[in-house]
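What follows is one structure encoded as structure tokens, with my remarks underneath.
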Number of protein chains: 2
Amino acid sequence: MRDVAEAANVSTTAVSRVLHGGGPGVRVSEERAAQIRAVAERLNYRANALARNLRTSRTHTVGVLFENMRGMGDGPLYTTHLLDGVASVLFRNGYRLTLLAEIDHNNVIGSLGDGQLEGVIWCKLARDEETVALIRSTPIPIVAFNAATPTDGEATQYVNCDNEGGMELAVEHLWELGHRKIAFVYESEEYSTPDCIARREGYDQAIARRSGVPLTLGSPWYLVF
Amino acid sequence: MRDVAEAANVSTTAVSRVLHGGGPGVRVSEERAAQIRAVAERLNYRANALARNLRTSRTHTVGVLFENMRGMGDGPLYTTHLLDGVASVLFRNGYRLTLLAEIDHNNVIGSLGDGQLEGVIWCKLARDEETVALIRSTPIPIVAFNAATPTDGEATQYVNCDNEGGMELAVEHLWELGHRKIAFVYESEEYSTPDCIARREGYDQAIARRSGVPLTLGSPWYLVF
DNA sequence: TTGAAAGCGCTAACAA
DNA sequence: TTGTTAGCGCTTTCAA
């Protein structure tokens, strides 16, 4: 930047203002501005984001943390779609996305506090005490995704799936079409997950509410389709 | 850091050396070191990666750029597995992974030159002139993944799939088992991709080399399985 | 073994 | 409209 400033016979301030949007009211004459841009182009100037980040304490980067990243390729495509959606929204708004390693929590604390992230989307947030404590002391905002419902007034945003409500809607839909034998089918490997449990309960209740006959089928039934 | 230094009655240099691995030969007495660590703990000190990055010109971050990120959730899981593999290796080596938006190439140039990335893994690198020019002028190393084979001596590393060689091996294997009716099956949506074309050619040649009978089947045949 | 001082490249008061 | 100056938090010679 100094090279550009000297070559253009202006201050680095002027260069900064012209090339990087400048502060409130970019007060540089169009003449000078054009000249600066020309020189910058000629000198092949590239702004250094590291310096700017340090100075402004902003990185335009948010982290995404998966509780188990390994499984991204296995199982259902849930994780993949999630990442895809998060990425597209972030990019659209000029943000970068950094994938965080789901390693030891000590390191997680370090990651969240080192200034490189402006926020974190935490998928499948565990609700153990350690994690809750971490959340309380984190210097940046965290959004918990697909986590268990929050217990108390934590300083965290949650985006969750309304499993019970969804099952109620699903059963209602089929019921109104006249169906009475409505099965709940699950993948055996998911059976003990909170989501699956909640859905099954939602299904049971929705059926019971209509005095219907519950029917639950394990994953082998999939092969019938 | 200055707070820690003052509270411990040492210089920031000492703090830096003790808390952040220090330069060549961490020459601080164990006594002082322990004290510094204690004070840092008490003051809840967190190193600022932004400042360190700026000073050292290192970020321990590599970017990953997909030619079409949107499709990550659709089609085959190729992209997902790729990302999974890249991430696990990077994390294991203390690197971060930043997903890059596959927007206009101007911005890509900016992304690569702003100092935040130490290298880029570029998946499905197009070989148009614009991209080649970009690669030539990039300030950081690029690894092209699953791109077309390089034409000339470019300053880029390529990691590609040996489609012809793979088909030769596959045909050889079946042939040696005694099979003579060997079909090449493709997904119709992939038929015009470079990979599929190369594989088909490899198949044709491997079959021809053995005076066998080529047989190519489009995707509907998948449904038979 | 320890610290003083310079500086990474940029931005933002504040003055002119 | 333009420039001067200080400083973000850290690392690293260099001298003591």
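Letters A, B, ... are given to chains in the order of the sequence lines, protein chains preceding strands, and every chain is numbered from 1. Please read all numbers here as calculations on a predicted model, not as lab measurements.
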Under 3.5 Å: donor-acceptor pair, side chain of Asn93(A), backbone of Val89(A):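 At least one qualifying donor-acceptor pair exists.
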
Does [X] have a side-chain nitrogen or oxygen under 4.0 Å from the phosphate oxygens OP1 or OP2 of [N]?
X: Arg32(A); N: dT2(D); answer: yes
X: Arg52(B); N: dG9(D); answer: no
X: Ser29(B); N: dT2(C); answer: yes
X: Ser16(A); N: dC10(C); answer: no

Assess the side chains of [X] and [Y]: does a donor N or O sit below 3.5 Å from an acceptor N or O?
X: Gln116(A); Y: Asn53(B); result: yes
X: Glu168(A); Y: Tyr203(A); result: no
X: Asp195(A); Y: Asn163(A); result: yes

Using whole Å, what does the distance between atom [atom2] of nucleotide [N] and atom [atom1] of [X] come to?
X: Met1(B); N: dG7(D); atom1: CE; atom2: P; answer: 17 Å
X: Arg46(B); N: dC8(D); atom1: CZ; atom2: C1'; answer: 20 Å
X: Asp114(B); N: dC10(C); atom1: CG; atom2: P; answer: 11 Å
X: Glu6(B); N: dA4(C); atom1: CD; atom2: C1'; answer: 15 Å
X: Arg58(A); N: dG9(D); atom1: CZ; atom2: P; answer: 16 Å
X: Arg2(A); N: dT11(C); atom1: CZ; atom2: C1'; answer: 16 Å
X: Asn48(B); N: dG9(D); atom1: CG; atom2: C1'; answer: 6 Å
X: Ile36(B); N: dG3(C); atom1: CD1; atom2: P; answer: 8 Å

Taking N and O atoms by type only, does the side chain of Thr13(B) place a donor or acceptor under 3.5 Å from a partner on the base of dT11(D)?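 When only heavy-atom distances are counted, Thr13(B) does not reach the base of dT11(D) through any donor-acceptor pair under 3.5 Å.
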
Once you apply a heavy-atom cut-off of 4.0 Å, does Thr56(B) come out as touching a base, just sugar-phosphate, or nothing?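 Sugar-phosphate, backbone atoms only, no base.
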
What contact category does Asp3(B) fall into here, base, sugar-phosphate, or nothing, at under 4.0 angstrom with non-hydrogen atoms?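 Nothing: the residue Asp3(B), judged by heavy atoms under 4.0 Å, touches no strand.
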
5'-most by nearest nucleotide on DNA chain C - Ala51(A) or Val10(B):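 Upstream on the strand: Val10(B).
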
Pick the nucleotide of DNA chain C nearest each of Thr12(A) and Glu30(B); which residue has the one closer to the 5' end?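 Closer to the 5' end of DNA chain C: Glu30(B).
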
Could you check which of [options] has an atom nearest any side-chain atom of [X]?
X: Arg17(A); options: dT2(D), dC10(D), dG3(C); value: dT2(D)
X: Arg55(A); options: dC10(C), dG9(D), dC10(D); value: dC10(C)
X: Tyr45(B); options: dG3(D), dC10(D), dG9(D); value: dC10(D)

With a 4.0 Å cut-off on N to O distance, would you call Arg96(B) and Asp114(A) a salt bridge?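 Salt bridge between Arg96(B) and Asp114(A), a charged N being under 4.0 Å from a carboxylate O: yes.
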
